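Encoded as structure tokens, the structure appears first; notes follow it.
Values in this document were obtained by computation on a predicted structure and should not be read as measured data.
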Amino acid sequence: MQRFSGIIAEVYLAPVREERVLLLRRYRTGYEDGNYGLVSGHVEEGETCREAMIREAEEEAGLEVEGRDLELVHVMHRRPEGKRRIAFFFRPAKWRNEPGNREPDKCDEMGWHSLDRLPPNTIAYIREALRQIAAGSRYSEC
């Protein structure tokens with residue numbers, strides 16, 4: 001059997017306020033455009049997952065979070081189209097600044113959505129991850 005290699009690490013921010021989660025609608029990215037997802041991104045060379053999450057939170061939503069305030073709430077092993085990805089979902093205990101769309105060229109809407117009534121066009125694996133998080137599951141595969 002061949003050794004497992006070439007995995008892509010992704011980070012996702014799932015801030016919750018009053019039973020509502022912050023979602024953004026993708027726009028002109030070439031991937032899941034028109035559908036809702038979380039603040040997210042890839043872990044870059046030399047970064048830890050927490051460092052990548054802190055960077056992405058600031059870049060996409062203007063949220064200032066500290067590593068000690070990020071709780072890892074779920075890990076998802078994804079294999080879309082034969083690619084191998086590990087997705088790390090973080091929930092911030094607190095953050096500074098109100099979220100705002102910092103990437104209008106990639107996101108055309110950002111707002112708080114009820115966890116029990118997500119938009120029908122929420123990306124399927126994001127919907128599943130949020131369901132798993134609500135159920136207290138720390139790991140899933142899709």
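- Using a 4.5 Å heavy-atom threshold, the side chains of V21 and L118 count as touching.
- Criterion: ILVMFWY side-chain heavy atoms under 4.5 Å apart, direct or through other members. Under it, I126 and V39 are not part of a common hydrophobic cluster.
- Among residue pairs with one or both ends in residues 133-142, those qualifying as salt bridge (charged side-chain N to carboxylate O under 4.0 Å, His left out) are E71-R138; sequence neighbours excluded.
- The two residues S140 and Q132 have their closest heavy-atom pair at CB-CD, 3.9 Å.
- N35 contributes atom CG, which lies 10.0 Å from atom CZ of R127 (distance to the nearest 0.5 angstrom).
- Linking Ile, Leu, Val, Met, Phe, Trp and Tyr whenever their side-chain heavy atoms come within less than 4.5 Å puts I7 and V43 in one cluster.
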* Decide side chain to side chain contact (heavy atoms under 4.5 Å, CB included) for Y139 and M76; before the verdict, give the C-alpha distance in whole Å, the side-chain angles of both, and the deciding distance to 0.1 Å. => CA-CA 6 Å; Y139 177 78; M76 180 180 276; over 6 Å; no

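- Between E60 and K106 there is no salt bridge, since none of the side-chain N atoms of the basic residue sits less than 4.0 Å from a carboxylate O of the acidic one.
- Considering L70, V65, D69 in turn, V65 is the only one that fulfils the side chain to side chain contact (heavy atoms under 4.5 Å, CB included) rule with W95.
- Looking at I133 and R91, their side chains come closer than 4.5 Å, going by heavy atoms from C-beta outward.
- Between Y36 and H113, the ring centre distance stays below 6.0 Å.
- The pair R26-E32 does not count as a salt bridge, with every side-chain nitrogen at least 4.0 angstrom from each carboxylate oxygen.
- Of the inter-residue distances, the one linking L72 atom CG with F89 atom CZ reads 10.0 Å to the nearest 0.5 angstrom.
- Without hydrogens or angle criteria, H74 side chain to S137 main chain gives a donor-acceptor distance under 3.5 Å.
- Taking 4.5 Å as the limit, some side-chain heavy atom of L63 sits within range of a side-chain heavy atom of L22.
- At a threshold of 4.5 Å between non-hydrogen side-chain atoms, the residues Y27 and P104 do not count as touching.
- No side-chain heavy atom of R68 sits less than 4.5 Å from a side-chain heavy atom of R50.
- Here the straight-line distance linking atom CG of L23 with atom CE of M110 works out to 9.5 Å at 0.5 Å rounding.
- The ring-ring contact (aromatic ring centres under 6.0 Å, His included) test applied to H42 returns no partner, not counting sequence neighbours.
- Residues R78 and K83 are not in side-chain contact: their nearest non-hydrogen atoms beyond the backbone lie 4.5 Å or more apart.
- E19 and R117 are not joined by a salt bridge, as no carboxylate oxygen comes within less than 4.0 angstrom of a charged side-chain nitrogen.
- A salt bridge is absent between R55 and E51: the closest approach of a Lys/Arg side-chain nitrogen to an acidic carboxylate oxygen does not fall below 4.0 angstrom.
- We find the CG-CG distance between D116 and L130 to be 12.0 Å, quoted to the nearest 0.5 Å.
- Across A57 and L13, no two heavy atoms sit closer than the pair CB-CD2, 3.9 Å.
- Distance alone, capped at 3.5 Å, is enough to place a donor-acceptor pair between the E47 side chain and the E44 backbone.
- Salt bridge R20/E18: absent, no basic N to carboxylate O contact under 4.0 Å.
- Between Y12 and Y125, the two ring planes are perpendicular [angle over 60°; tilted spans 30° to 60°].
- Between R85 and P80, some side-chain heavy-atom pair lies under the 4.5 Å cut-off.
- Taking CD from E10 and CG from L38, the interatomic distance works out to 11.5 Å, rounded to the nearest 0.5 Å.
- Under the ring-ring contact (aromatic ring centres under 6.0 Å, His included) criterion, F90 pairs with no residue, sequence neighbours left out.
- To the nearest 0.5 Å, atoms CG (D33) and CZ (R28) are separated by 9.5 Å.
- Contact annotation: the side chain of V75 approaches that of I86 to within less than 4.5 Å [non-hydrogen atoms, C-beta and beyond].
- Under the 4.5 Å side-chain heavy-atom criterion for grouping Ile, Leu, Val, Met, Phe, Trp and Tyr, V16 is connected to I123 within one hydrophobic cluster.
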